[in-house]
**Q** 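Quick one: the structure is below, questions incoming.
Computed from a predicted model, the values in this text were never measured in an experiment.
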Amino acid sequence: MKTTRIARLKYANLRQLGRATIIGLLAGLVVSLFRWAIQNLLNGVIRAFGYFHGHPFWMLPWSLASILVALFLGRLVQKNPDIKGSGIPQVEGQLTGQFDEKWWPVLWRKFFGGIISIGSGLFLGREGPSIQLGAAIGQGIAEKNTGTEIERRVGIASGAAAGLSAAFNAPIASTMFILEEVYHNFSPLVWLSVFISSLAANLVSMAFFGLAPDLNVPHEVLLPASQYWHLILLGILLGLLGRLYQVVILQLPKWMHKLHFLKPAWYPVIPFLLVIPIAWWWPITLGGGNNLVVALPKMPAEFKVMLGLFILRFVFSMISYASELPGGIFLPILTLGGIIGALYCAIMIHWGLIPAKYLPNYVICAMAGYFACISKAPFTAILLITEMVGTLTHLMPLAIVSIVAWLVVDLMGGTPIYAAMFANMMHKQPQRELLGLTQMTTPIFVGSVLDGCLIKDFDWPAGALITCIYRGENQLIPHGNTRLKAGDTLVVQLRGKNHIANQARINAAARQSLHD
């Protein structure tokens, strides 16, 4: 009987990994097309404004067309609120069981809405929509295969990671981001499924865009140890500005609702009109910021230039996101971080404290630090920039800046930005209690309540079932007399309501000391 259960479990695992591969390939194809369309539309906008410099009378019909497109998108988003914004809070809600959406309407509306919104030059990122697109594909495949609720969630998580991987060509960081920031589930099956989907999506993305790093910032020299004290100062600056970013972007919905004369469906008109002078004077700043980040080391290291870029990117990023159009903050955050690094370096170069040749290094480090403190996901930030820049030589500086910036935001009471956005989203609608199954994993710490405890001796929450125990390389099928040990990883299914409170209770028993 025990052998049969293990065989069934292994078969289910293999089936899930096969499904993860299919999800990764399909999500990689859809997101690669999404990314390709955005790049070509954005390049078309830049070329159009280059033409307008010689034929300015075409600005009038362009402005009228921009208003019509903005009104169309505004109506689309207000009638279909599930496609608003980045999409990451929606995916997080699905994975916690507090929110749900139909995958097909979200998929095609987010796809076309995101292409128009981001490709038009607004300061929005493709990564959030890519995550939601991938999650929708994972959800659709899991539902078509009539999988369980747990398989459906693993499918959503796998698709989300695949979407991010295809958007940035960063499979390792994509896996870490979904597990660290969105799903909070580190069971071997979950992380392996997510990683396989990320790799499959990255293979498809490489076929479209080649092997070049997504943010190929030119850097010629390594940062010497004598420069490391600057990393601490830069981390503090990033932390302060990161907390400012968190406060402003979370207050945007309240501020927009105070504009009583402006209907929500009209919000996009504002950024669509404001982007016109930006495209006329500073076309390199358009979009999520890839082109600008790569160009930063080639720009003059002047305080006024970098400060102007920071103010422009910060303010218009907020205006773009406040429109509620499909578009993320992931890449705009990285771009702002790079500008802050260049701004800091420009000041220090003026004072003679930093050689100009190190400016690219500070741009690279600041991108990681700014994302780490705003998202409260330092490991993801370090891996992401490492993969996107395409070198391991910056690991130590990246780690120092990220940890310092993270500590500053933590001391100031900052919370992970996507979790805070999810909380804001859930305040606007009734919360959905999960009535099916959810699955959690938790390691057992030395000296915790569960360390040395028989399964039958612990008062498990109602509806909890331990389906598997990972002990080293062994996979155990538990029973009441199984004695739990420190280092074990429990896989627990939870049925019914209050699953979040029940997860917290089990986590506490696995981690807190018996004497606490």
Side-chain angles (χ1 to χ4, degrees), residues 70-71 73-93 99 110 113-114 117-118 120-129 131-132 181 239-275 278 285-289 310-337 339-340 370-371 373-376 409 412-429:
L71 291 173
L73 289 174
R75 181 175 175 80
L76 177 69
V77 167
Q78 296 306 320
K79 289 185 66 176
N80 305 276
D82 290 347
I83 68 170
K84 287 182 180 179
S86 105
I88 296 177
Q90 290 92 318
V91 174
E92 185 167 349
F99 174 82
K110 192 83 172 190
S117 301
I118 305 168
S120 297
L122 304 189
F123 289 5
L124 296 170
R126 63 177 182 261
E127 66 301 315
I131 288 173
Q132 192 174 20
E181 177 67 14
L240 295 173
L241 293 177
R243 182 61 183 140
L244 173 66
Y245 186 97
Q246 288 183 332
V247 171
V248 173
I249 204 163
L250 293 175
Q251 293 298 317
L252 283 178
K254 297 180 181 178
W255 295 344
M256 293 301 293
H257 285 307
K258 290 182 179 179
L259 303 177
H260 301 294
F261 63 90
L262 197 63
K263 295 181 180 179
W266 299 350
Y267 289 170
V269 174
I270 299 175
F272 263 84
L273 289 179
L274 290 178
V275 79
I278 296 174
T285 66
L286 294 180
F310 174 76
I311 294 173
L312 174 64
R313 287 291 312 188
F314 189 94
V315 173
F316 195 62
S317 291
M318 296 300 173
I319 294 174
S320 298
Y321 196 78
S323 68
E324 300 183 342
L325 291 174
I329 61 173
F330 207 126
L331 186 55
I333 286 174
L334 297 179
T335 303
L336 280 170
I339 296 171
I340 295 170
Y370 206 52
F371 181 79
C373 67
I374 292 174
S375 68
K376 302 295 289 291
V409 170
M412 297 177 70
T415 57
I417 192 65
Y418 293 111
M421 287 180 168
F422 171 64
N424 282 354
M425 182 186 77
M426 294 309 299
H427 286 321
K428 299 177 183 178
Q429 58 190 29

**Q** Between P326 and V77, what is the shortest heavy-atom contact and its length?
**A**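 Taking every non-hydrogen atom into account, CD-CG2, 3.7 Å.
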**Q** Rounded at 0.5 Å granularity, tell me how far CD1 in I329 sits from CG in L336.
**A**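 These two atoms lie 10.5 Å from each other.
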**Q** Just wondering, do S320 and L325 contact through their side chains at under 4.5 Å, heavy atoms?
**A** no
**Q** Apply side-chain contact (heavy atoms from CB on, under 4.5 Å) to residues S120 and F272 and explain how you reach the verdict.
**A** CA-CA 8 Å; S120 297; F272 263 84; 3.5 Å; yes
**Q** Quick check: do Y321 and S86 have side-chain heavy atoms less than 4.5 Å from each other?
**A**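 Contact flag for Y321/S86 side chains = yes.
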**Q** For E324, is there any backbone N or O sitting under 3.5 Å from a side-chain donor or acceptor partner on K84?
**A**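 No; judged by distance alone, with no hydrogens or angles, the pair does not exist.
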**Q** Quick check: closest heavy atoms across I278 and L274, and the distance to 0.1 Å?
**A** CG1-O, 3.5 Å
**Q** Taking ring pair (Phe, Tyr, Trp, His ring centres under 6.0 Å) as the test, write out the residues that go with F310, two or more places apart.
**A**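 For F310 the ring pair (Phe, Tyr, Trp, His ring centres under 6.0 Å) partners, ignoring immediate neighbours, are F314.
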**Q** If you compare all heavy atoms of S117 against all heavy atoms of L124, which two are closest, and at what distance to 0.1 Å?
**A**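 S117 and L124 have their closest heavy atoms at CB-CD1, 4.3 Å.
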**Q** Give the minimum heavy-atom separation between I118 and P129, together with the two atoms involved.
**A**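 It is CD1-CG, 4.2 Å.
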**Q** Identify every side-chain donor-acceptor pair in residues 240-252 under 3.5 Å, counting partners at least two apart or on other chains, and give the distances.
**A**
residue	atom	partner	partner atom	Å
R243	NH1	Q246	OE1	3.0
Q246	NE2	I374	O	2.9
Q246	NE2	T415	O	2.8

**Q** For a side-chain contact (heavy atoms from CB on, under 4.5 Å) check, start with the C-alpha distance between Y267 and L259, then their side-chain angles and the critical distance, and finish with the verdict.
**A** CA-CA 10 Å; Y267 289 170; L259 303 177; 5.6 Å; no
**Q** Between CE of M256 and NZ of K258, what distance do you get to the nearest 0.5 Å?
**A**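 NZ of K258 is found 12.5 Å from CE of M256.
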**Q** Donor-acceptor check, side chain of S323 to backbone of I270, threshold 3.5 angstrom: yes or no?
**A** no
**Q** Looking only at non-hydrogen atoms, find the nearest pair between R313 and G287 and report the distance.
**A** NH1-O, 3.1 Å
**Q** Which value, rounded to the nearest 0.5 Å, describes the distance between E127 atom CD and I88 atom CD1?
**A**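 Rounded to the nearest 0.5 Å, the CD-CD1 separation comes out at 6.5 Å.
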**Q** Test of understanding: with ring pair (Phe, Tyr, Trp, His ring centres under 6.0 Å), list the residues that count as partners of Y370, not counting sequence neighbours.
**A** none
**Q** A side-chain contact here means heavy atoms from C-beta on lying under 4.5 Å apart; do V91 and F99 qualify?
**A**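 No - every pair of side-chain heavy atoms lies 4.5 Å or more apart.
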**Q** Using a 4.5 Å cut-off on heavy atoms from C-beta on, say whether the side chain of T285 contacts that of F123.
**A**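 Answer yes - side chains close enough.
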**Q** Got a donor-acceptor contact below 3.5 angstrom from the Q132 side chain to the G85 backbone?
**A**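 No, the answer is negative, given that no donor and acceptor are paired below the 3.5 Å cut-off.
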**Q** Working to the nearest 0.5 angstrom, can you tell me the gap between I417 CD1 and F330 CZ?
**A** 13.0 Å
**Q** Could you pull out the closest heavy-atom pair between P81 and Q78, with the gap in Å?
**A** CD-O, 3.9 Å
